[in-house]
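Remarks on the structure that follows.
Note: hydrogens, waters and symmetry copies are ignored here, and every other heavy atom, side chains too, is used.
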Amino acid sequence: MAMEDEDRNAALVETNTQTGIKKGGDVGDNGACIDRQPDTVVHQAGLNQTAGRGNRSGPGAHSATGIRVLKQRNMKRNGSRGCVTRKTRYGSRERDWLKGDPQRGCVCLYGGTVDPLLPASGPQATSTPQTDLQLVLCSTNTTVEELCAQRNGQPLYVQLHGDLVRRLEASERPLQMVYDYLAAMGYADPVRVQQEAANSDLSCLIRFYSERPVNADQQERTLLKGVFSVRKGKTQLHKWAERQVILCGTCLIVASVKDSLTGKMHILPLVGGKVEEVKRRQHCLMFSSAGSQAQTYFVNFDTLADYQRWHRQASKVVSQTVSLVDLSCYSLEAVPEYLFYSQDITHLNLRHNFMSLQGPGGLLNLPRFLQLKSLNLSHNRLGVFPECLCEILTLTELNLSCNNLHSVPEQIGNLQSLQTLSMDGNHLSSLPEELGGLSQLNSLGLSFNNFSHIPAVLERLSSVDKLAMAGNRVDSLELCTLARMSHLKNIDLRLNGLRWVKSESLEAVSQVTQLDLRDNCLDSLDLSSICNLETLHCQRNQLGTLTLSGFTLRMLYASSNRLTAVNIYPVPNQLTHMELSQNLLEYLPDWVCDCRKIEMLDVTHNQLSELPSRLLNSLSLRKLLAGNNRLQRVPDLLDHVPLEALDLQHNKLAKLPESLFYKALNLKYLNVSANSLESIPPSSQSEESLSTLQELYLTGNNLNENCGALLVGHQNLRVLHIAYNQLLSFPASKLSKLELLEELNLSGNKLKTIPSTVSSCKRLHTLIAHSNHITVFPEILNLPEIKLVDLSCNELTEIQLPDSLPATLQELDLTGNSSLMLEHKTLNLFSHITTLKLDQKTTTTPGDSLSASTPWSHGYSEMSGQRNKLCVSVLAVDQFGDGVEACYGIFDGDRNEEVPRLLQCTMGDVLCEEVQHSSVDNVYMCNTFLTSHRKLGMAGQKLGASALLCYIHHEPSDPGGYLSLTVANVGTCQAVLCRDGRPVPLSKVYSLENCTEEMERVKFNKAIITEDNKVSGVTCCSRLLGCSYLSPWVLPKPWVHTESLCSQDEFLILGNRALFERVSYQEAVRTVQAVRDPRAAAKKLCSLAQSYGCKDNIGAVVVSLHIGEDSCTCEPPVSTTEPRGPPLVSVPVSVTSGPTDTATLSSSSGIVSEFNSETSASEVGSEAGSTASDEHATSGPVSRPERRCSTHPGLFQRQPSCATFSSNQSDNGLDSDDEAPLEGVISNGSKLEVEVDIHCCAFQLRSGAPDSPKDLDFEKRGYDYPNGKMRRQNSVVVSATNGCLLAVCGREITDLKKSPSTSSLFGKKMSNGSVVVPEDSHNLIEVALEAPKKKSGYFTAPAQQDPEDQLIVPPSLEQEVREQLRAQSPIVSGPSAPSTPPSLKDTVIA
C-alpha cells in the first residue's frame, strides 16, 4: 500500500512501506547502545515534516516515514568487536521493518557532532547536539538529497578504505552504494547483503560522514594562517604590528590591515629563500625571499606549537629548487583561494582528489596561474576533459590519467608548448586531428584505453618516439603502419590481445629498436623486417616459432611460450642477454655458440638433452641457467672460462666435469640439486685451491661422506646445502676448514652427530639438520652469530647447554624428538628465544583411541628464508566442528606478517559460524572469505594476503556417508590432492600472469598494470584478502571447489607461491610418498624449495588421509554402570597464582558463569586432538554412547561441556598445596605459561552472542544422552590475546598434547604468532579469572533460563541448598571432573 503524503513534491524513501514504526523514543528492547531519550526521533523523508502524520491515527495505519534516525553514543569508530553488533543496533520494531524488504537497511553516519549554538527547527530541534554516530534506517531508493533534508541541508561524505573523503552528489543513494560495494566483493544473497551492510566492521571499507572529517596534518600542509605580531625588514625602522599571516603554496602572505584581507596583500616568495630562528625573541621566525632584492619579514608566534608548525612547513618550501605545490591525496574539491597569490608556481600536483570545475578554486580558475608548466590531475573522477585547461598556454606537461575520459576536445591544439601528455586508464577510442599540430609533443601515454588500432594522428607527431598503448584492444599489427611512423623507436603493445603481426610488403622497419609484445595471443612471430631491433619482449604468448633479425639484437626475452625453434639471422654478435625458459626446445641453435658477447643464458624448463661444448667454453658467458631439462652430461671445460653462476638442477647428471672448479675460477654459484651425483669434482689439481665458490647446492643426490674431503678447497664457501643424500657422517677435520660458512643444511641424511668442529665456523648463522638420527645436541650455542637451529625429527635425548645463550638466537626447532627431556633450567635458558618449537609430551589416557580415530593427521613447516620476518601462517585443526571434520589453511602475506596472523586466528571461527548458516559449500566458503576480509579492519586497508582454506566434512544431506573436501582460495596459495599416486590440483592461481579472465576483468576496470604485471605496481594477484584500497581491481571473492574423498586419496599438500614455484606438483607428490610422516614431509618440501633457489618465505602443510573401509575404527559398545550415591554437581574451577609458584584448582564460593556446548560450531570444546565429547571426566566408570568409526559417525553424539570461572580463593577447607595443579599450566618462577597451539584451536566457539532466542535456549539446555543422563567436565576457557579462543580443561589438556599438529611447548611463540607468548600466558589466565565479569563476546551468559531447565531456590533456603550441594560433591581437581544430574544442569549459584 502506497504511503499518502500531502506534499507531492517530497520524495519519500519507501513508497510501499508497511511498517509500524512509531515516533518517539521506543527504539527497541535489546539495544544497549540505542538512545531511548526523546532526541531519538523519526524523520519523514519529505520536505514537509508535518505532512502525513495524520495517517497514523488508526491502529492499522501505515507509517508515513521512510527514514528513521537512531542516535548512538560512545560508539567505537574502529569497527572492532566491542562495537555495537548488527543485532543490538535496533529495537524489535526496527528489525521487523528491516525484515519486510531486503532493500531496506541502515546507513551509519559518523562524525556528526555539530555546534549546539547553531539554530535548529522542526523535529530535529533538541537540547543536545548530534552524537558521534547516527543510524539511519532507509531504503536503497533513498537519495542524499532526502537524507540531507533531515539535517538542515548539510552534505554527506563517503570514505572508502580509510582513504580519500568525497562529498556525495544529491542524486546518489548511500544504501545502494553499500549494497553495490558488497555485491562487487562477492555477496550474492540480498538478505546477507542487508545483514553485512549493518555490520560495524564494514566502516573500515566504506564509511559515511555527516560532515567532512578534519585531518590536522593535511590542513597544515595545505594552508596555515593566523594573526601574529609582524615586523617588516631587518632594520628597526618598522614597528611590530598585529597582522593576518598566511602560508599557502610557495608564498608567505601578510595582510596590510589586521584581521582583514581587503587591503593590500604583501607577497613574499619563499622558494630558494630562507627561514631562520630569531634567538633574541621567543617563538620568532625570520622569512626571507631569494634574489638580490630579497625582502624579509619577522613573525612572532604566540605558542611553541604554532612556531614549530610554521617552521616545519616553511622549511619544506624554501628547500625546493622549483616552485612545486603538491596537493595530492587531500580529497580536495578546489584549491585554496590563497594559492592564487603564489604566481611563481610552475608545477602543481592535484593527483587523487575530486576537483570540480566551478567554485573560486575550481578548475575554471587554473588559467590564473600564469607560469604553470606542469599540471597533474590524474585520478580525479573528472568524466570529461576540462576544456579550460587548453587555455593554460604555458603547459609543457599534462597528466589526465584515470579520469573516465571518453574524448579529447579539439582545443587541445592550443597547447603548442605541450611536451608530455598522459591519458592512460581512460575510455578513449580516438584522438582529434588537432592533436597532430602539437609539434613539441614527445611523450604520449595512451595505455589501458579502448583503442582498436594505432591512431593515424601519430604519423604527424614527429617528436613522439615511444608508442605507449599497452592494455588496449589492438588485435592485429601491420608492420607497414609502423614504417610510416618513422619517428617511433619504442613500441609497447603488451596486454592487447594481439593475434598476429605481419608485413604486407618487403619494406624494412628500420627505426624501431625496442618492441614489447608480452601477454598477447601470438602463435608465431616473424620480425625479420625490423632490421635494427635491439630488445624484444614476447613472454607469455603461444609462440611456436620465432624469427628475428640479428644485426643489432642485444636482449631477447621469450620465456613461457611453446617455442621449438628460434631463428635469428645473421648471428647476433651484439646479443648479451637471452631468456628462453619454459619452452619446448630440444636443442640449442648453433648460432647461440657463435654469439661473441652473450653473458646470460636462461634455458630452464625445456627438453634439452645436451649442452654444446662450445657454449660452456664461451669466453663471454657468465651466467648459465639450464635446470629442469634432460641433461645427462656436461661437456668438459677446455680452458679457463669467466663463468660465475651455473644452475644444472633437476637433470639426469651422474657426474660433473673433472675440471669444473679449477677451470671456472670465477664460479661463485653452483646448483646441481636433484640429480644423480655420487661425487663432486675436486676444487683444484694441487693442495692450493683458488676456488671462489660461495654458494653450493647439492641437495637430492647420492653423495656420501667422502664428498666432505672434496669441499675443503672451497674455503670461501658461505652457503652449503647437502640435504637428502647418503651421508653417514661429516668429517670433523674438514668442517673446521670452512671458516666462512654462514648457512649449512644437512637435513635428510643418516647423520648421528654433527662434528664438534662446527664451532670453528664463527660466521654460521643457520644450521638445518632435521630428519637425521642425531642423538647429541651439537656444539653450536657458543657461535656468536647463530640465529636459526633446526634439529627436528631426530633422536635427541638431552641438551648440554652453556651458561648463557647467544643473544642472536631467534629460532630453535626441536620437534619430532620423542625422547627429548628438558629440565626447568633448560627451559628458563630458552626463554629469550623468539621462536621455540618443542613437542608436547603425551600421556596415555582413555581418550587416546578417540584422538587417534580421525582418518587424517597433519604436519606443517614454515621457513623464513632470507627474510627478516616470517610472513606465512598455517592453520591446522584435525578435529573441527561437531563430527569427524577437519580444517587446514595457509596464508601468505608476501611482505607483511600482520594479515596472515589475523587470518590464522580468525578464519576458523568464521568458517564455523558460516557452516551454521548455509549447507551449500560455495556459499559458506565464499562468505567465510568475505567475512574474514571485513574482519581484517584497518589492517586490511593497505595490507593483504593470499589465503587457502580446506574443509573436510560430511555432506549435509548424508551425515553418515562419505567425506568431501571443500577448498577455497584467493591469491597464489595452492592445494594438491594425491589420488592413486597422481597429483590432483584443487585450487586456482589468481595471478595476472596465470589467469586470463582475471587479467581481462582488471583491464576492464581500468587498472594500471605495470611491466612486471602488478596491479598499480603493488601485487600480481587479482584476488586477495585485504588490500581493499585496490578495489575493485583486487577482490576477496574466492575460488571454491569440492572434491569427494575416496580410499585412493593418500594425502593433501598445501603450499604458498614460493613452494610451488620451485617444487612441481609431481615432485611434491613423490616427495611426500617417500617420507610418509606428515611433519617430516612438510619439512622436506620446504628444504627442497630452499635448495632449489627460493629465498622467500615458504610454508607447507601435509595432511595424511586414511579414507576407506580398511581404516574403520569401530569399537564395540562399552558396558557401563551408573555410579551410586547422591548425584554429583559440577565443581567450579579457578586458576590462581598464589604465593607459591604452582597454579592451583580451587572450588569457589563466588559467582559461577556457566555455558554449555551445542552440536553446532558455537559450542565450547577442547583445543586439540580431542573434543569435549570425546571424554567425560567422572569419579566413577565412564559412560559412553556406542561409537562406530570415523567414517561412519552415525551413532556418535556430542556431549556438552561446561566452563566455570571464579577469581575467589578456595573455600572447601583444603589448602592450595593439597590440590592438583592444572595440566598444561606450567610454573616458571613468577610467570605462568600455558601449553597451547593455535593450530589445534577449538573453533567450536562462535564469535559473539547467539543469533536468536532459540540459540540462547539451546546453549542453556545442552544435550541429553539417550539414557536421560548428561555428563559434564570442568574446563577453563582462555581468550588468547591474538583473538583465538582456547578451551583448556583438565582432561582435554592431555589430548592437546597428543595432537599431531602440536609443535610448541611451554607457551613459546612461533615467529608467525602461532603459539602464545610466555608473557601473554599469564594474561590468558587472568582473562579466564575475570570471565564472569565479561558481558559481551564469548562470555555472554543467557539472559533468562527456560522454565523447564530453571531451578528456583528461595532466598531463605539458598545458603542451605548451597551447603548440601557442596557436601554431596567430592573435591575433584585436574582431569577428575564430576558429572551433573539433569535436574541441576543449569543451576547458577549466586
Side-chain angles (χ1 to χ4, degrees), residues 855-862 872-878 880 885-892 900 903-904 907-908 911 921-922 924-926 928-929 932 945-953 963-991 994-995 1021 1023-1025 1036-1046 1048-1073 1078-1079 1081-1082 1084-1086 1088-1089 1097-1105 1107 1239 1301:
W856 44 71
S857 60
H858 80 272
Y860 71 93
S861 178
E862 302 159 330
V872 177
S873 294
V874 166
L875 169 67
V877 188
D878 283 332
F880 181 85
E885 298 178 349
C887 179
Y888 305 98
I890 186 168
F891 316 104
D892 185 359
L903 294 174
Q904 178 194 47
M907 210 159 184
L911 175 61
D921 50 7
N922 189 68
Y924 64 70
M925 269 300 195
C926 183
T928 295
F929 274 67
S932 300
S946 297
L948 182 141
L949 200 63
C950 296
Y951 177 38
I952 304 177
H953 59 94
L963 291 164
S964 295
L965 171 63
T966 299
V967 178
N969 79 286
V970 294
T972 54
C973 292
Q974 303 172 55
V976 180
L977 176 68
C978 175
R979 172 168 292 172
D980 201 16
R982 299 178 180 178
V984 179
L986 301 176
S987 53
K988 183 174 183 178
V989 179
Y990 276 116
S991 67
N994 295 84
C995 193
C1021 299
R1023 303 206 180 188
L1024 290 174
L1025 295 184
K1037 185 177 181 179
W1039 161 271
V1040 181
H1041 174 73
T1042 297
E1043 188 81 18
S1044 297
L1045 296 178
C1046 60
Q1048 286 76 32
D1049 297 329
E1050 303 176 38
F1051 50 83
L1052 177 68
I1053 304 175
L1054 282 65
N1056 67 333
R1057 172 190 57 82
L1059 176 67
F1060 288 112
E1061 274 187 351
R1062 300 290 177 173
V1063 182
S1064 66
Y1065 291 160
Q1066 291 78 7
E1067 184 178 5
V1069 166
R1070 291 196 303 267
T1071 298
V1072 178
Q1073 283 179 325
R1079 175 165 49 195
K1084 183 175 182 179
L1085 288 174
C1086 292
L1088 291 180
N1097 292 170
I1098 311 172
V1101 182
V1102 176
V1103 182
S1104 179
L1105 301 174
I1107 309 297
H1239 298 87
S1301 68

Measuring only between side-chain heavy atoms, which start at C-beta, is [X] closer than 4.5 Å to [Y]?
| X | Y | answer |
| --- | --- | --- |
| Y951 | L911 | yes |
| H953 | C887 | no |
| C978 | P983 | no |
| N1056 | I1098 | yes |
| S861 | R1079 | no |
| Q1066 | R982 | no |
| S932 | L903 | yes |
| H858 | L1052 | no |

Where is the tightest heavy-atom contact between [X] and [Y], given as atom of each residue plus distance?
| X | Y | value |
| --- | --- | --- |
| C950 | V967 | SG-CG2, 3.7 Å |
| P855 | L963 | CG-CD1, 4.2 Å |
| L1059 | A1089 | CD1-CB, 4.1 Å |
| Y888 | I952 | CE1-CD1, 4.0 Å |
| T928 | Y924 | OG1-O, 2.6 Å |
| F1051 | V1069 | CZ-O, 3.5 Å |

Dump the intermediate steps for side-chain contact (heavy atoms from CB on, under 4.5 Å) on Y860 and L1054, then the final yes or no. CA-CA 9 Å; Y860 71 93; L1054 282 65; over 6 Å; no
Distance only, no hydrogens: is a donor on one side chain within 3.5 Å (strictly under) of an acceptor on the other, for H1041 and T966?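 The criterion, which ignores hydrogens and geometry beyond distance, is not satisfied for T966 and H1041.
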Any side-chain to backbone donor/acceptor pair from [X] onto [Y]? Under 3.5 Å, distance only.
| X | Y | result |
| --- | --- | --- |
| E1050 | G981 | yes |
| N969 | K988 | yes |
| R1023 | V970 | no |
| Q904 | S873 | no |
| W856 | D878 | yes |
| S946 | T972 | yes |
| D980 | Q1048 | no |
| N994 | S991 | no |

CD on Q974 to CG on L948, rounded to 0.5 Å: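 Those atoms lie 8.5 Å apart.
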Given side-chain contact (heavy atoms from CB on, under 4.5 Å), test V1102 with L1085 step by step and report yes or no. CA-CA 9 Å; V1102 176; L1085 288 174; 4.0 Å; yes
Begin with the C-alpha distance, continue with both residues' side-chain angles, and end with the deciding distance and a verdict on side-chain hydrogen bond (donor to acceptor under 3.5 Å, both in side chains) for T1042 and D921. CA-CA 7 Å; T1042 297; D921 50 7; 2.4 Å; yes
Can you list the steps and then say if L949 with I890 is a side-chain contact (heavy atoms from CB on, under 4.5 Å)? CA-CA 7 Å; L949 200 63; I890 186 168; over 6 Å; no
Go through the steps to decide whether V1101 and I1053 satisfy the test side-chain contact (heavy atoms from CB on, under 4.5 Å), and finish with yes or no. CA-CA 6 Å; V1101 182; I1053 304 175; over 6 Å; no
